[in-house]
2 protein chains.
Amino acid sequence: MVKELETDLLAKGIRPTAMRLLVLDYLLKQSAAVSLNDLETYFLKADRITLYRTLKKFEDKGIVHKIEDGTSSVKYALCPESCYGMAYCDLHLHFYCTQCQNTFCLPKTRIPELQLPENYQPEEISLTVKGKCSNCS
Amino acid sequence: MVKELETDLLAKGIRPTAMRLLVLDYLLKQSAAVSLNDLETYFLKADRITLYRTLKKFEDKGIVHKIEDGTSSVKYALCPESCYGMAYCDLHLHFYCTQCQNTFCLPKTRIPELQLPENYQPEEISLTVKGKCSNCS
DNA sequence: GATAAAATGCAATGCAGTTGCACATGCTTA
DNA sequence: TAAGCATGTGCAACTGCATTGCATTTTATC
């Protein structure tokens, strides 16, 4: 099991340190996006900065993607397997539940085609929906 | 002219103080969304906190709406005339130009219908596109 | 003009993200 | 296996921005 995580990290060019394996394992078990604070709360013994840099590294290497859901804190979620170079990640939306305050990736909900005004050239799209998630509605 | 701005503010239940009239006048002249920092830079003599509270008040009363464009600073833009109770404002998208770093409201570009997974109930939608605006492309 | 309510200005706080630096750990090569 | 280098970690401190408390000033009302 841990072996698998190790090879996952190595495959992305990330040294599989103890902390990183723990964080990756944790991320794999979450259904909602994770903030730095969540990590801090879960890994009480770990250093905040290390967790911060772990997320940064994961983002850099394309293991997780950043989500700005309109709350004060940035969140991260594992990229879907098929996510290469963020191109795919840009195409799904994020759902922030106003009740349980979780943020969910909805990779199966693609962002529909947009008709921008003339000469506006899109490079990246971010779509966040607020409301009640399936557990809370 | 100032008289008009005054009645605008009064109509929304906002006392038309000198500062507020100046800020409103400034907002009316902008094509891009405005951050607190922009206001500070423009009104050198004014107090940062006052400007902050002015924007808050305007937002409260439905004169401007808040825009989180993914940059570190929150921006504000005047609501279109037809904007009542944010319902309308939720339906248009915001465009952040990576070159001139301005954020534009595109009220004429409506957000297409979304097909959310079962039991997800949307209340608010935020759609931000990054790319090159019509001036920079 | 007197009074109460609201706005303003200053100081200070809080929070999340970020950086610098010293130390520890892991990897590579001789 | 030991030496040496690159990388990761932990602590402290800083930054930028949002926000609040409080005393003072301004505005609306009578």
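Below, read A as the first sequence line, B as the second, and so on, with proteins coming before strands; counting in each chain starts at 1.
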In whole angstrom, give the distance that lies between atom [atom1] of [X] and atom [atom2] of [N].
| X | N | atom1 | atom2 | value |
| --- | --- | --- | --- | --- |
| B:E68 | D:dC17 | CD | C1' | 13 Å |
| A:D60 | C:dT18 | CG | P | 12 Å |
| A:R20 | D:dT9 | CZ | C1' | 10 Å |
| A:L36 | C:dT19 | CG | C1' | 15 Å |
| B:L10 | C:dA6 | CG | P | 15 Å |
| B:L9 | C:dA6 | CG | C1' | 15 Å |
| A:D38 | C:dG17 | CG | C1' | 16 Å |

- prompt: Taking it one step at a time, do B:Y76 and B:F58 satisfy ring-ring contact (aromatic ring centres under 6.0 Å, His included)?
  reply: CA-CA 9 Å; B:Y76 295 87; B:F58 282 7; 9.5 Å; no

message: Does a side-chain N or O of A:T17 approach OP1 or OP2 of D:dT9 to a distance below 4.0 Å, or not?
response: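 For A:T17, the contact criterion (side-chain N or O under 4.0 Å from OP1 or OP2 of D:dT9) is met.
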
- prompt: Which class fits the ring pair A:F43 and A:Y26: parallel under 30°, tilted 30 to 60°, perpendicular over 60°?
  reply: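 Correct class here is perpendicular.
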
query: Using 30° and 60° as the class limits, which term best fits the ring planes of B:Y120 and A:F95: parallel, tilted or perpendicular?
result: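 Geometry flag for A:F95 against B:Y120: perpendicular rings.
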
task: Determine whether A:L39 and A:M19 fall in the same hydrophobic cluster, where Ile, Leu, Val, Met, Phe, Trp and Tyr are linked whenever their side-chain heavy atoms lie under 4.5 Å apart.
output: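 Linked within one cluster.
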
message: Please say yes or no: joined through hydrophobic side-chain contacts below 4.5 Å, possibly via intermediate residues, are B:V34 and B:I63 part of one cluster?
response: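 Same cluster.
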
Residue whose closest nucleotide on DNA chain D lies nearer the 5' end, B:R15 versus B:N37: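 Nearest-nucleotide comparison on DNA chain D picks B:N37.
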
Note: B:D8-B:K12 ion pair, threshold 4.0 Å (strictly below):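 So B:D8 does not pair with B:K12 through a salt bridge.
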
message: Closest approach to the side chain of B:P16, judged atom by atom: which nucleotide of C:dG17, D:dG8, D:dA28 is it?
response: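 Of the options given, the side chain of B:P16 lies nearest D:dA28.
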
field: Within residues 41-57 of chain B, residues whose heavy atoms come under 4.0 Å of DNA chain C
entry: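 Within this stretch, B:D47, B:I49, B:T50, B:R53, B:K57 sit under 4.0 Å of the strand.
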
